[in-house]
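Here the structure is laid out as C-alpha coordinates; the discussion comes afterwards.
Read the numbers this way: they start at 1 and go in the same order the structure lists the ligands and their atoms.
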Amino acid sequence: MVSFKQVHIPDGDLIASDGGVLKVGDHPVVGVLRGDGIGIDITPVMQKVVDAAVEKTSGGRRQIRWCPIYAGLEALQRYGGTDVLPQEAVDAIAHVKVAIKGPFTTPIGEETHVCLHCAHQQMHDGACDACKKTDGVAPRFRSINVGLRQRLDLYACVRPIRYFDGVPCPNKWADRVNFVIFRENTEDVYAGHDFERGSDVALAIIDLVKKMTGRDIRPDSGIGVKPISETGSKRLVRKACQWAVDQNLPSVTLVHKGNIMKFTEGSFARWGYEVATREFGDRFVTEKALWDQFGGKMPAGKILIKDRIADSIFQQIQTRPDEYSVLALPNLNGDYLSDAAIALVGGLGLGPGANIGTDVAVFEATHGTAPKYAGQDKVNPGSIILSAVMMLNHMGWNEAAERITAGVAAAIRDGHVTYDLARQMKSEGRTDVTEVSCSGFGNAVIDRM
Ligand code: NAD
(Lines give C-alpha, C1' and ligand atoms only; values in the text may rest on other atoms or scores of the structure.)
Protein backbone atom coordinates (compact mmCIF):
# COMPACT_ATOMS: atom_id res chain seq x y z
CA MET A 1 0.00 0.00 0.00
CA VAL A 2 1.51 3.30 -1.11
CA SER A 3 1.15 6.13 1.37
CA PHE A 4 1.65 9.84 1.00
CA LYS A 5 2.11 12.63 3.53
CA GLN A 6 -0.51 15.06 2.29
CA VAL A 7 -2.26 13.29 -0.58
CA HIS A 8 -5.12 11.10 0.56
CA ILE A 9 -6.03 8.38 -1.96
CA PRO A 10 -9.80 8.02 -1.68
CA ASP A 11 -11.62 4.69 -1.64
CA GLY A 12 -12.24 3.65 -5.23
CA ASP A 13 -10.68 1.79 -8.14
CA LEU A 14 -7.11 2.64 -9.04
CA ILE A 15 -6.84 2.91 -12.83
CA ALA A 16 -4.53 0.24 -14.23
CA SER A 17 -2.53 0.61 -17.45
CA ASP A 18 -1.13 -2.20 -19.52
CA GLY A 19 1.22 -0.40 -21.89
CA GLY A 20 -1.34 2.39 -22.30
CA VAL A 21 -4.46 0.22 -22.45
CA LEU A 22 -6.43 1.39 -19.43
CA LYS A 23 -8.56 -0.65 -17.12
CA VAL A 24 -11.09 1.67 -15.51
CA GLY A 25 -13.50 0.54 -12.78
CA ASP A 26 -16.85 2.13 -11.98
CA HIS A 27 -15.33 4.29 -9.23
CA PRO A 28 -11.97 5.36 -10.65
CA VAL A 29 -9.59 7.49 -8.59
CA VAL A 30 -8.68 10.58 -10.66
CA GLY A 31 -6.11 13.17 -9.58
CA VAL A 32 -7.06 16.83 -9.54
CA LEU A 33 -4.58 19.72 -9.26
CA ARG A 34 -6.54 22.87 -8.62
CA GLY A 35 -4.03 25.29 -10.11
CA ASP A 36 -3.13 28.86 -9.10
CA GLY A 37 -5.12 32.04 -9.75
CA ILE A 38 -8.43 31.25 -11.44
CA GLY A 39 -7.80 27.52 -10.82
CA ILE A 40 -9.83 28.11 -7.66
CA ASP A 41 -12.82 29.10 -9.82
CA ILE A 42 -12.66 26.81 -12.85
CA THR A 43 -11.52 23.50 -11.34
CA PRO A 44 -14.50 22.90 -8.99
CA VAL A 45 -16.90 23.90 -11.79
CA MET A 46 -15.29 21.31 -14.06
CA GLN A 47 -15.63 18.65 -11.34
CA LYS A 48 -19.32 19.44 -10.89
CA VAL A 49 -19.98 19.20 -14.65
CA VAL A 50 -18.10 15.88 -14.91
CA ASP A 51 -19.89 14.41 -11.89
CA ALA A 52 -23.27 15.38 -13.38
CA ALA A 53 -22.45 13.87 -16.79
CA VAL A 54 -21.17 10.61 -15.29
CA GLU A 55 -24.21 10.35 -13.02
CA LYS A 56 -26.60 11.01 -15.92
CA THR A 57 -24.99 8.60 -18.36
CA SER A 58 -24.51 5.72 -15.89
CA GLY A 59 -27.73 6.09 -13.89
CA GLY A 60 -25.62 6.54 -10.75
CA ARG A 61 -23.62 3.32 -11.26
CA ARG A 62 -20.39 5.17 -11.93
CA GLN A 63 -18.70 7.94 -9.97
CA ILE A 64 -15.25 9.51 -10.12
CA ARG A 65 -13.40 9.53 -6.79
CA TRP A 66 -11.44 12.78 -7.02
CA CYS A 67 -8.01 12.78 -5.41
CA PRO A 68 -6.63 16.28 -4.69
CA ILE A 69 -2.89 16.56 -5.45
CA TYR A 70 -0.96 19.65 -4.46
CA ALA A 71 1.35 21.78 -6.61
CA GLY A 72 1.94 25.53 -6.98
CA LEU A 73 0.40 27.68 -4.24
CA GLU A 74 -1.33 24.69 -2.67
CA ALA A 75 2.04 22.90 -2.36
CA LEU A 76 3.50 25.84 -0.43
CA GLN A 77 0.46 25.91 1.83
CA ARG A 78 0.33 22.14 2.41
CA TYR A 79 3.99 21.20 2.68
CA GLY A 80 5.55 24.47 3.90
CA GLY A 81 8.95 25.18 2.30
CA THR A 82 9.37 26.54 -1.22
CA ASP A 83 9.00 23.49 -3.47
CA VAL A 84 6.14 24.15 -5.91
CA LEU A 85 6.26 20.68 -7.45
CA PRO A 86 7.00 18.26 -4.61
CA GLN A 87 8.05 14.73 -5.50
CA GLU A 88 4.91 13.53 -3.71
CA ALA A 89 2.73 15.31 -6.30
CA VAL A 90 4.62 13.63 -9.16
CA ASP A 91 4.45 10.24 -7.42
CA ALA A 92 0.74 10.62 -6.69
CA ILE A 93 -0.04 11.40 -10.35
CA ALA A 94 2.01 8.38 -11.44
CA HIS A 95 0.08 6.31 -8.87
CA VAL A 96 -3.43 7.33 -10.01
CA LYS A 97 -2.41 7.45 -13.74
CA VAL A 98 -5.03 10.00 -14.82
CA ALA A 99 -5.16 13.59 -13.55
CA ILE A 100 -6.53 16.96 -14.56
CA LYS A 101 -5.06 20.32 -13.68
CA GLY A 102 -5.75 24.03 -13.63
CA PRO A 103 -3.12 26.59 -14.72
CA PHE A 104 0.04 27.29 -12.71
CA THR A 105 2.03 30.49 -12.26
CA THR A 106 5.32 30.51 -14.18
CA PRO A 107 8.02 33.12 -13.46
CA ILE A 108 9.08 34.85 -16.65
CA GLY A 109 11.13 37.97 -15.79
CA GLU A 110 14.54 38.50 -14.22
CA GLU A 111 13.21 38.81 -10.67
CA THR A 112 14.28 36.34 -7.99
CA HIS A 113 10.80 35.73 -6.53
CA VAL A 114 7.21 35.34 -7.72
CA CYS A 115 3.88 35.48 -5.90
CA LEU A 116 1.67 32.48 -6.61
CA HIS A 117 -1.45 34.41 -5.62
CA CYS A 118 -1.12 37.24 -8.12
CA ALA A 119 1.91 36.34 -10.32
CA HIS A 120 3.70 39.55 -9.23
CA GLN A 121 7.48 39.21 -9.50
CA GLN A 122 9.89 40.87 -7.07
CA MET A 123 13.43 40.74 -5.69
CA HIS A 124 12.73 39.41 -2.16
CA ASP A 125 10.83 36.77 -0.19
CA GLY A 126 8.24 37.42 2.54
CA ALA A 127 5.11 39.40 1.74
CA CYS A 128 4.10 40.15 -1.85
CA ASP A 129 4.57 43.85 -2.74
CA ALA A 130 1.45 43.78 -4.92
CA CYS A 131 -1.25 41.70 -3.19
CA LYS A 132 0.37 41.89 0.30
CA LYS A 133 -0.28 38.21 0.97
CA THR A 134 2.41 36.54 3.06
CA ASP A 135 2.06 32.85 2.16
CA GLY A 136 2.50 32.84 -1.62
CA VAL A 137 5.95 34.21 -2.50
CA ALA A 138 8.37 31.54 -3.80
CA PRO A 139 11.90 31.76 -5.18
CA ARG A 140 12.11 31.57 -8.99
CA PHE A 141 11.43 28.09 -10.33
CA ARG A 142 11.10 26.29 -13.65
CA SER A 143 7.62 25.90 -15.10
CA ILE A 144 5.48 23.38 -13.21
CA ASN A 145 3.93 22.33 -16.52
CA VAL A 146 7.33 21.57 -18.04
CA GLY A 147 8.36 19.83 -14.79
CA LEU A 148 5.33 17.54 -14.95
CA ARG A 149 5.99 16.69 -18.60
CA GLN A 150 9.62 15.86 -17.96
CA ARG A 151 9.30 14.04 -14.65
CA LEU A 152 6.35 11.92 -15.82
CA ASP A 153 7.68 11.55 -19.40
CA LEU A 154 4.42 12.88 -20.86
CA TYR A 155 5.68 12.82 -24.42
CA ALA A 156 2.54 13.66 -26.38
CA CYS A 157 1.02 17.12 -26.17
CA VAL A 158 -2.52 16.70 -27.46
CA ARG A 159 -4.66 19.63 -28.60
CA PRO A 160 -8.11 19.09 -30.11
CA ILE A 161 -9.18 21.97 -32.35
CA ARG A 162 -12.89 22.35 -33.12
CA TYR A 163 -15.39 25.11 -33.57
CA PHE A 164 -18.41 25.77 -31.39
CA ASP A 165 -21.30 27.41 -33.18
CA GLY A 166 -21.75 30.98 -31.95
CA VAL A 167 -18.13 31.68 -30.95
CA PRO A 168 -17.05 34.93 -32.61
CA CYS A 169 -14.43 34.08 -35.21
CA PRO A 170 -13.21 35.74 -38.42
CA ASN A 171 -12.69 32.43 -40.24
CA LYS A 172 -15.72 31.77 -42.45
CA TRP A 173 -15.04 28.03 -42.59
CA ALA A 174 -14.54 27.64 -38.84
CA ASP A 175 -17.30 25.04 -38.67
CA ARG A 176 -15.29 22.73 -40.94
CA VAL A 177 -12.37 22.64 -38.51
CA ASN A 178 -12.31 19.53 -36.32
CA PHE A 179 -8.96 17.85 -35.80
CA VAL A 180 -6.56 16.81 -33.04
CA ILE A 181 -2.89 17.80 -32.95
CA PHE A 182 -0.32 15.40 -31.42
CA ARG A 183 2.90 17.29 -30.79
CA GLU A 184 6.07 15.57 -29.60
CA ASN A 185 6.95 16.92 -26.16
CA THR A 186 10.47 15.82 -25.31
CA GLU A 187 12.93 16.28 -28.17
CA ASP A 188 13.64 18.48 -31.23
CA VAL A 189 14.15 22.07 -30.03
CA TYR A 190 12.47 21.28 -26.69
CA ALA A 191 15.47 19.14 -25.76
CA GLY A 192 17.19 22.51 -25.29
CA HIS A 193 20.59 21.71 -26.80
CA ASP A 194 21.27 25.33 -27.63
CA PHE A 195 24.83 26.68 -27.43
CA GLU A 196 25.97 30.29 -27.37
CA ARG A 197 28.17 31.66 -30.12
CA GLY A 198 31.81 31.36 -29.15
CA SER A 199 31.13 28.81 -26.38
CA ASP A 200 33.37 25.75 -26.14
CA VAL A 201 30.56 23.46 -27.24
CA ALA A 202 29.54 25.64 -30.21
CA LEU A 203 33.15 25.94 -31.40
CA ALA A 204 33.79 22.22 -30.93
CA ILE A 205 30.71 21.33 -32.98
CA ILE A 206 31.75 23.72 -35.77
CA ASP A 207 35.19 22.14 -35.73
CA LEU A 208 33.81 18.59 -35.72
CA VAL A 209 31.48 19.28 -38.64
CA LYS A 210 34.37 20.72 -40.64
CA LYS A 211 36.64 17.77 -39.83
CA MET A 212 34.09 15.07 -40.54
CA THR A 213 32.18 16.54 -43.48
CA GLY A 214 34.31 19.34 -44.84
CA ARG A 215 31.37 21.71 -44.45
CA ASP A 216 31.80 25.23 -43.14
CA ILE A 217 29.71 26.82 -40.43
CA ARG A 218 30.41 30.49 -39.71
CA PRO A 219 32.57 30.63 -36.54
CA ASP A 220 30.36 33.33 -34.99
CA SER A 221 27.28 31.05 -35.06
CA GLY A 222 25.19 29.98 -32.13
CA ILE A 223 24.56 26.26 -32.49
CA GLY A 224 21.36 24.32 -31.75
CA VAL A 225 21.16 20.55 -31.88
CA LYS A 226 17.86 19.15 -33.07
CA PRO A 227 17.57 15.50 -32.06
CA ILE A 228 14.64 13.52 -33.46
CA SER A 229 14.84 9.86 -32.48
CA GLU A 230 13.15 6.73 -33.75
CA THR A 231 11.98 5.99 -30.19
CA GLY A 232 10.54 9.47 -29.66
CA SER A 233 8.90 9.66 -33.08
CA LYS A 234 7.39 6.19 -33.00
CA ARG A 235 5.83 6.45 -29.56
CA LEU A 236 4.26 9.81 -30.50
CA VAL A 237 2.84 8.54 -33.81
CA ARG A 238 1.67 5.34 -32.07
CA LYS A 239 -0.43 7.48 -29.70
CA ALA A 240 -1.86 9.50 -32.59
CA CYS A 241 -2.76 6.34 -34.53
CA GLN A 242 -4.33 4.75 -31.45
CA TRP A 243 -6.43 7.89 -30.93
CA ALA A 244 -7.67 7.68 -34.53
CA VAL A 245 -8.55 4.00 -34.04
CA ASP A 246 -10.29 4.56 -30.67
CA GLN A 247 -12.25 7.60 -31.82
CA ASN A 248 -13.14 6.18 -35.27
CA LEU A 249 -11.41 8.97 -37.16
CA PRO A 250 -10.70 8.79 -40.90
CA SER A 251 -7.04 9.86 -41.19
CA VAL A 252 -3.68 10.51 -39.54
CA THR A 253 -1.34 13.06 -41.16
CA LEU A 254 2.41 13.12 -40.45
CA VAL A 255 3.66 16.71 -40.72
CA HIS A 256 7.37 17.29 -41.31
CA LYS A 257 9.99 19.31 -43.16
CA GLY A 258 11.68 16.25 -44.61
CA ASN A 259 12.28 17.94 -47.95
CA ILE A 260 15.02 19.98 -46.22
CA MET A 261 15.93 17.94 -43.12
CA LYS A 262 15.97 14.37 -44.33
CA PHE A 263 17.42 12.65 -41.29
CA THR A 264 15.42 14.39 -38.57
CA GLU A 265 12.11 15.58 -40.00
CA GLY A 266 12.16 13.14 -42.91
CA SER A 267 12.93 10.23 -40.62
CA PHE A 268 10.04 11.29 -38.36
CA ALA A 269 7.67 10.71 -41.29
CA ARG A 270 9.32 7.45 -42.33
CA TRP A 271 9.17 6.02 -38.80
CA GLY A 272 5.58 7.24 -38.55
CA TYR A 273 4.60 5.28 -41.65
CA GLU A 274 6.31 2.21 -40.20
CA VAL A 275 4.24 2.44 -37.02
CA ALA A 276 0.93 2.93 -38.84
CA THR A 277 1.44 0.20 -41.42
CA ARG A 278 3.18 -2.43 -39.27
CA GLU A 279 1.69 -2.10 -35.78
CA PHE A 280 -2.04 -1.72 -36.42
CA GLY A 281 -2.75 -4.82 -38.50
CA ASP A 282 -4.18 -3.59 -41.79
CA ARG A 283 -6.18 -0.66 -40.36
CA PHE A 284 -4.04 1.97 -42.10
CA VAL A 285 -3.88 2.60 -45.84
CA THR A 286 -1.27 4.88 -47.43
CA GLU A 287 -2.23 7.39 -50.13
CA LYS A 288 -0.26 5.34 -52.64
CA ALA A 289 -2.17 2.17 -51.76
CA LEU A 290 -5.42 4.11 -51.85
CA TRP A 291 -4.86 4.82 -55.55
CA ASP A 292 -2.97 1.67 -56.53
CA GLN A 293 -5.27 -0.81 -54.80
CA PHE A 294 -8.58 0.91 -54.14
CA GLY A 295 -9.03 3.23 -57.12
CA GLY A 296 -8.96 6.31 -54.91
CA LYS A 297 -12.02 5.28 -52.89
CA MET A 298 -11.37 4.81 -49.21
CA PRO A 299 -12.33 1.26 -48.16
CA ALA A 300 -14.77 0.99 -45.22
CA GLY A 301 -13.23 0.68 -41.76
CA LYS A 302 -9.76 1.83 -42.84
CA ILE A 303 -7.79 4.88 -41.78
CA LEU A 304 -5.72 6.92 -44.25
CA ILE A 305 -2.10 7.57 -43.25
CA LYS A 306 -0.59 10.47 -45.18
CA ASP A 307 2.12 13.09 -44.81
CA ARG A 308 2.37 16.78 -45.57
CA ILE A 309 5.25 19.24 -45.64
CA ALA A 310 5.11 21.53 -42.60
CA ASP A 311 4.76 24.82 -44.49
CA SER A 312 1.95 23.57 -46.70
CA ILE A 313 -0.09 22.32 -43.76
CA PHE A 314 -0.60 25.93 -42.65
CA GLN A 315 -2.45 26.55 -45.92
CA GLN A 316 -4.22 23.23 -45.91
CA ILE A 317 -5.84 23.68 -42.49
CA GLN A 318 -7.32 26.92 -43.78
CA THR A 319 -8.30 25.95 -47.29
CA ARG A 320 -9.22 22.25 -46.79
CA PRO A 321 -9.69 21.82 -43.03
CA ASP A 322 -12.14 18.96 -43.40
CA GLU A 323 -9.42 16.72 -44.89
CA TYR A 324 -7.62 16.49 -41.53
CA SER A 325 -8.64 14.66 -38.37
CA VAL A 326 -5.42 13.71 -36.53
CA LEU A 327 -2.08 15.44 -37.13
CA ALA A 328 1.23 14.17 -35.68
CA LEU A 329 4.23 16.52 -35.56
CA PRO A 330 7.70 16.91 -34.10
CA ASN A 331 8.02 19.51 -31.38
CA LEU A 332 8.67 22.83 -33.14
CA ASN A 333 6.25 22.34 -36.03
CA GLY A 334 3.67 21.22 -33.49
CA ASP A 335 4.21 24.34 -31.42
CA TYR A 336 3.54 26.65 -34.37
CA LEU A 337 0.66 24.66 -35.77
CA SER A 338 -1.21 24.38 -32.44
CA ASP A 339 -1.29 28.16 -32.06
CA ALA A 340 -2.20 28.83 -35.68
CA ALA A 341 -4.94 26.20 -35.60
CA ILE A 342 -6.65 27.50 -32.48
CA ALA A 343 -6.98 30.91 -34.15
CA LEU A 344 -9.06 29.23 -36.88
CA VAL A 345 -11.80 28.54 -34.33
CA GLY A 346 -11.79 31.82 -32.40
CA GLY A 347 -8.71 31.74 -30.18
CA LEU A 348 -7.49 30.12 -27.01
CA GLY A 349 -10.52 30.68 -24.76
CA LEU A 350 -12.05 27.23 -25.14
CA GLY A 351 -9.04 25.19 -26.23
CA PRO A 352 -8.53 22.03 -24.20
CA GLY A 353 -5.28 20.10 -23.86
CA ALA A 354 -3.47 17.09 -22.45
CA ASN A 355 0.02 15.76 -21.96
CA ILE A 356 0.07 12.02 -22.31
CA GLY A 357 2.75 9.41 -21.68
CA THR A 358 2.70 5.63 -21.97
CA ASP A 359 0.78 4.98 -18.75
CA VAL A 360 0.10 8.43 -17.29
CA ALA A 361 -1.97 11.32 -18.68
CA VAL A 362 -2.49 14.84 -17.35
CA PHE A 363 -5.32 16.91 -18.84
CA GLU A 364 -5.13 20.69 -18.53
CA ALA A 365 -6.64 24.09 -19.04
CA THR A 366 -4.48 25.70 -21.72
CA HIS A 367 -4.80 29.34 -20.61
CA GLY A 368 -2.90 30.91 -17.71
CA THR A 369 -3.84 31.85 -14.15
CA ALA A 370 -5.46 35.23 -15.02
CA PRO A 371 -4.73 36.38 -11.43
CA LYS A 372 -6.73 39.60 -11.61
CA TYR A 373 -9.92 37.53 -11.86
CA ALA A 374 -9.01 34.86 -9.27
CA GLY A 375 -11.74 34.05 -6.77
CA GLN A 376 -14.37 36.18 -8.51
CA ASP A 377 -16.37 33.34 -10.08
CA LYS A 378 -16.13 35.24 -13.34
CA VAL A 379 -13.86 33.56 -15.91
CA ASN A 380 -14.66 31.02 -18.60
CA PRO A 381 -14.22 27.41 -17.40
CA GLY A 382 -14.61 26.08 -20.97
CA SER A 383 -10.98 25.05 -21.47
CA ILE A 384 -10.77 22.82 -18.39
CA ILE A 385 -14.29 21.44 -18.97
CA LEU A 386 -13.35 20.41 -22.52
CA SER A 387 -10.08 19.00 -21.19
CA ALA A 388 -12.23 16.85 -18.91
CA VAL A 389 -14.08 15.69 -22.05
CA MET A 390 -10.73 14.47 -23.41
CA MET A 391 -10.05 12.80 -20.09
CA LEU A 392 -13.36 10.93 -20.19
CA ASN A 393 -12.62 9.82 -23.77
CA HIS A 394 -9.20 8.65 -22.61
CA MET A 395 -10.91 6.60 -19.86
CA GLY A 396 -13.34 5.14 -22.40
CA TRP A 397 -16.32 6.99 -20.91
CA ASN A 398 -17.30 8.40 -24.29
CA GLU A 399 -20.98 8.83 -23.56
CA ALA A 400 -20.35 11.16 -20.61
CA ALA A 401 -17.82 13.02 -22.76
CA GLU A 402 -20.36 13.51 -25.56
CA ARG A 403 -22.99 14.80 -23.12
CA ILE A 404 -20.64 17.47 -21.84
CA THR A 405 -19.61 18.54 -25.34
CA ALA A 406 -23.27 18.78 -26.28
CA GLY A 407 -23.96 20.85 -23.14
CA VAL A 408 -21.09 23.26 -23.87
CA ALA A 409 -22.19 23.60 -27.51
CA ALA A 410 -25.80 24.30 -26.47
CA ALA A 411 -24.86 26.82 -23.76
CA ILE A 412 -22.76 28.78 -26.27
CA ARG A 413 -25.39 28.54 -28.99
CA ASP A 414 -28.00 29.85 -26.52
CA GLY A 415 -25.69 32.74 -25.62
CA HIS A 416 -25.32 31.70 -21.96
CA VAL A 417 -21.65 32.57 -21.71
CA THR A 418 -19.06 34.21 -19.44
CA TYR A 419 -17.96 37.84 -19.83
CA ASP A 420 -15.22 37.14 -22.37
CA LEU A 421 -17.46 35.50 -24.97
CA ALA A 422 -20.43 37.72 -24.03
CA ARG A 423 -18.43 40.84 -24.87
CA GLN A 424 -17.35 39.49 -28.25
CA MET A 425 -20.79 38.15 -29.15
CA LYS A 426 -22.44 41.47 -28.31
CA SER A 427 -19.88 43.38 -30.33
CA GLU A 428 -20.83 41.18 -33.29
CA GLY A 429 -24.42 42.33 -32.88
CA ARG A 430 -26.00 39.44 -30.99
CA THR A 431 -28.81 40.73 -28.77
CA ASP A 432 -29.81 37.50 -26.98
CA VAL A 433 -26.66 37.07 -24.89
CA THR A 434 -26.99 36.28 -21.16
CA GLU A 435 -23.73 36.90 -19.34
CA VAL A 436 -23.23 34.24 -16.67
CA SER A 437 -20.60 33.61 -13.98
CA CYS A 438 -18.01 30.83 -14.08
CA SER A 439 -20.22 28.53 -11.99
CA GLY A 440 -23.26 29.83 -13.92
CA PHE A 441 -21.68 28.55 -17.13
CA GLY A 442 -21.13 25.15 -15.48
CA ASN A 443 -24.82 25.06 -14.54
CA ALA A 444 -25.83 26.14 -18.06
CA VAL A 445 -23.82 23.19 -19.42
CA ILE A 446 -25.39 20.75 -16.92
CA ASP A 447 -28.90 22.01 -17.74
CA ARG A 448 -28.29 21.35 -21.43
CA MET A 449 -26.53 17.99 -21.44
P1 NAD B 1 -3.43 34.28 -19.00
O2 NAD B 1 -3.90 33.18 -19.88
O3 NAD B 1 -3.55 34.05 -17.54
O4 NAD B 1 -4.21 35.62 -19.36
C5 NAD B 1 -4.23 36.19 -20.69
C6 NAD B 1 -5.57 36.91 -20.90
O7 NAD B 1 -6.61 35.97 -21.03
C8 NAD B 1 -5.96 37.80 -19.72
O9 NAD B 1 -6.63 38.92 -20.17
C10 NAD B 1 -6.87 36.91 -18.92
O11 NAD B 1 -7.73 37.64 -18.10
C12 NAD B 1 -7.59 36.15 -20.02
N13 NAD B 1 -8.04 34.80 -19.61
C14 NAD B 1 -7.23 33.75 -19.32
N15 NAD B 1 -7.96 32.67 -19.00
C16 NAD B 1 -9.25 33.05 -19.09
C17 NAD B 1 -10.49 32.38 -18.88
N18 NAD B 1 -10.54 31.10 -18.49
N19 NAD B 1 -11.63 33.07 -19.05
C20 NAD B 1 -11.61 34.35 -19.44
N21 NAD B 1 -10.48 35.05 -19.65
C22 NAD B 1 -9.31 34.41 -19.48
O23 NAD B 1 -1.92 34.59 -19.41
P24 NAD B 1 -0.85 35.53 -18.70
O25 NAD B 1 -1.50 36.73 -18.10
O26 NAD B 1 0.22 35.70 -19.68
O27 NAD B 1 -0.26 34.62 -17.53
C28 NAD B 1 -0.63 34.65 -16.14
C29 NAD B 1 0.14 33.56 -15.42
O30 NAD B 1 -0.27 32.26 -15.93
C31 NAD B 1 1.64 33.62 -15.63
O32 NAD B 1 2.28 33.25 -14.43
C33 NAD B 1 1.89 32.60 -16.70
O34 NAD B 1 3.20 32.11 -16.71
C35 NAD B 1 0.89 31.53 -16.34
N36 NAD B 1 0.50 30.62 -17.45
C37 NAD B 1 0.25 29.33 -17.13
C38 NAD B 1 -0.17 28.45 -18.10
C39 NAD B 1 -0.45 27.02 -17.70
O40 NAD B 1 -0.37 26.69 -16.54
N41 NAD B 1 -0.79 26.15 -18.62
C42 NAD B 1 -0.36 28.88 -19.42
C43 NAD B 1 -0.15 30.23 -19.72
C44 NAD B 1 0.29 31.10 -18.72
Side-chain angles (χ1 to χ4, degrees), residues 32-46 49 71-76 84-85 89 99-111 113-122 128 130-131 136-150 154 157-159 164 167-168 183 185 335 338-339 342-343 346-355 362-388 390 408 411-412 417-425 435-442 444-445:
V32 56
L33 292 85
R34 186 192 75 191
D36 298 333
I38 53 171
I40 204 165
D41 303 287
I42 61 174
T43 306
V45 169
M46 173 278 297
V49 169
L73 180 62
E74 282 198 303
L76 300 189
V84 295
L85 183 55
I100 185 161
K101 61 176 270 296
F104 285 105
T105 313
T106 308
I108 36 179
E110 297 294 306
E111 292 83 352
H113 289 75
V114 60
C115 173
L116 303 187
H117 286 288
C118 70
H120 173 73
Q121 302 188 144
Q122 61 189 35
C128 170
C131 74
V137 172
R140 226 191 131 71
F141 52 85
R142 286 201 63 199
S143 157
I144 292 174
N145 305 312
V146 174
L148 284 172
R149 279 177 212 166
Q150 289 179 343
L154 305 174
C157 176
V158 187
R159 293 272 185 270
F164 283 94
V167 172
R183 165 188 171 202
N185 242 350
D335 192 9
S338 305
D339 264 37
I342 199 81
L348 255 187
L350 286 164
N355 291 293
V362 178
F363 299 81
E364 64 179 1
T366 52
H367 52 73
T369 61
K372 73 177 173 192
Y373 294 121
Q376 295 178 24
D377 191 21
K378 183 174 170 72
V379 295
N380 186 348
S383 174
I384 197 166
I385 290 175
L386 292 173
S387 300
M390 293 175 75
V408 169
I412 296 172
V417 291
T418 45
Y419 78 98
D420 50 323
L421 285 180
R423 193 172 50 202
Q424 292 178 53
M425 286 175 169
E435 186 176 320
V436 294
S437 63
C438 179
S439 55
F441 183 77
V445 172

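By the 3.5 Å distance cut-off applied to N or O atoms, Asn145 is counted among the residues near ligand 1. The N/O atoms of Phe104, backbone and side chain alike, include one that comes under 3.5 Å of an N/O atom in ligand 1.
Close approach of ligand 1 to Thr106 is summarised as follows: ligand atoms under 4.0 Å from at least one heavy atom of the residue are 32 (O), 34 (O). Of all the atoms in ligand 1, the ones that sit under 4.0 Å from a non-hydrogen atom of Thr105 are 32 (O). Every atom of ligand 1 is numbered from 1 in the order shown, and the set under 4.0 Å from a heavy atom of Ala370 is 3 (O), 10 (C), 11 (O), 14 (C). Interface of Asn380 with ligand 1, defined as ligand atoms under 4.0 Å from a residue heavy atom, comprises 17 (C), 18 (N), 19 (N), 20 (C).
Counted by atom type alone, Asp41 and Gln376 present zero donor-acceptor pairs between their side chains at under 3.5 Å. Between the side chains of Asp36 and Thr105, at least one donor-acceptor pair of N or O atoms lies under 3.5 Å.
With a 4.0 Å cut-off on non-hydrogen atoms, Asp36 does not touch ligand 1 at all. Only the side chain of Asp420 comes within 4.0 Å of ligand 1, judged by heavy-atom distances.
Compare Phe441, Tyr373, Tyr419 by their heavy atoms: the one nearest to atom 20 (C) of ligand 1 is in Tyr419.
Both tests do not hold together for Lys101 against Phe363: distance to the six-membered ring centre under 6.0 Å, angle to the ring axis within 45°.
Across every non-hydrogen atom of Leu76 and Ala138, the tightest pair is CD1-CB, 4.1 Å. Heavy atoms only, all atoms of each residue included: Pro371 and His117 are closest at CB-O, 3.9 Å. Nearest heavy-atom pair across Leu148 and Leu154 is O-CD1, 3.8 Å.
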